[in-house]
Amino acid sequence: MELLVVCVALLFSGSGGAQETPYEDYMAQLKACPKECRCPPSFPNAVYCDNKGLKRIPVIPPYTWYLYLQNNLIDALSADALRNATQLKWLNLNRNKISNEGLEEGAFRALPNLVHLYMEDNQLTSVPSPLPSTLEQLRLSRNRISKIPVKVFAGLGRLNLLDLQGNKLQDDAVTEVSLKGLNGLVQINLAKNQLSSMPPGLPPTTAQLFLDGNNIEKIPAGYFKGLPKVSFLRLNHNKLANGGLPRNVFNLSNILDLQLSHNKLTEVPFIPPGLEHLHLDHNKIKTVNGTEICPVSASSLAHYFEENGPRLRYLRLDGNEVKPPIPWDLMLCFRHLRAVVI
Ligand SMILES: *[C@@H]1O[C@H](CO)[C@@H](O)[C@H](O)[C@H]1NC(C)=O
Ligand SMILES: *[C@@H]1O[C@H](CO)[C@@H](O)[C@H](O)[C@H]1NC(C)=O
Ligand SMILES: *[C@@H]1O[C@H](CO)[C@@H](O)[C@H](O)[C@H]1NC(C)=O
């Protein structure tokens, strides 16, 4: 729609006039589409430079909001490269060869409007810094990141998604200090790193915590005290045994989805009343006693209407030592159960 208005205005402004109008400026910018890239007229603010074998960032026109540079061979980002692209909201640099050495200090400083920064599958060893305070999503999965610089997230109160999966983070890198400033965080993905403890200092806004594929053996009692919003918790492929899980540690009022597949559990942990999906497959669970794992007592259960009872709908128990049939007291307690994989 915007482009249409521009074209009409240009027709009526006449050609050959000496004075520059904003519209002519705009059209000049359109024509300034880098020769390596595509700038479809239907998306006048998007510049597509993906899959071109580029080694350097082309000269990006100033009007650009969306810049797609994924799947190239770019190994460096100078502070100058995006200097004129001050309107940039969305920068996709996935699948390039950018290392921290190739990233000039302040490369993102000229981007006061950047909302999404994607740098998956590069060669970063540290979270890039400084980052624009406008960021809402930062995707850095599958790099070689082992360091989170102190205060890198200070002032990033709008960041709601931080994806660091598939890196080399150890416990000493993920600390209360290094995560400070993430006051609006909703989802944090630390899967497939080298953590042996639960990350400390997560903000109370955290709703989705993904920690699959680490070496976590235990969850400290009270770990979730400061995390009342957690609703999706994934800890598949860790080393959790029942000794490492304080009783009722998962008694979280907002939890909906709990995944503990491929651990070392020998017993079913406490099932919070609001939980809807529970993955316990591929552990070492031998028996399931529906009466014992029922989050409400049998006597009060009789008084529950189906709507008020425990919410569990989906339960996976395959890959354990539990044999069918499904215990009748399990069905009695969890009346919303629609599928049990045993
Ligand atoms: C930025 O814009 C200036 C003025 O139009 C131009 O001379 C310069 O080459 C541009 N730089 C980049 C990196 O696009
Ligand atoms: C779970 O937490 C609620 C409050 O959030 C509490 O009332 C209840 O007793 C707890 N249940 C267990 C079994 O710890
Ligand atoms: C399950 O546990 C309850 C209470 O501890 C017990 O009374 C019951 O016999 C157990 N059920 C089975 C099948 O072992």
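Bear in mind that the values here come from a model prediction, so they are computed numbers and not experimental data. Atoms within each ligand, like the ligands themselves, are counted from 1 in listed order.
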Q: Pull out every atom of ligand 2 sitting under 4.0 Å from any heavy atom of Phe270, numbered as shown with elements.
A: 13 (C)
Q. Taking only heavy atoms of Asn248, which atoms of ligand 2 are found under 4.0 Å from at least one of them?
A. 12 (C), 13 (C), 14 (O)
Give me the residue, atom name and distance of the protein heavy atom closest to [atom].
| atom | result |
| --- | --- |
| atom 4 (C) of ligand 1 | Asn84 ND2, 4.6 Å |
| atom 5 (O) of ligand 3 | Glu292 OE2, 2.9 Å |
| atom 9 (O) of ligand 3 | Asn289 ND2, 4.8 Å |
| atom 1 (C) of ligand 2 | Asn251 ND2, 1.4 Å |

Q | Atom indices of ligand 1 within 4.0 angstrom of Val59 heavy atoms, with elements | A | 14 (O)
**Q.** Element-labelled atoms of ligand 1 that are located less than 4.0 Å from some non-hydrogen atom of Asp80
**A.** 13 (C)
Pair [X]-[Y], side-chain donor/acceptor within less than 3.5 Å:
| X | Y | answer |
| --- | --- | --- |
| Asn215 | Ser196 | no |
| Asn51 | Asn71 | yes |
| Gln259 | Asp257 | yes |
| Asn113 | Thr134 | no |

Q) If you round to the nearest 0.5 Å, how far is CG of Leu161 from CG of Asn189? A) 8.0 Å
Q) Rounded to the nearest 0.5 Å, how far apart are CE of Met198 and CG of Leu235? A) 5.0 Å
Q) Is it true that Glu321 and Lys286 have a side-chain N and a carboxylate O under 4.0 angstrom from each other? A) yes
Q) Do you see a protein non-hydrogen atom under 4.0 Å from atom 12 (C) of ligand 2? A) yes
Q. Considering all protein heavy atoms, does one lie under 4.0 Å from atom 7 (O) of ligand 1?
A. no
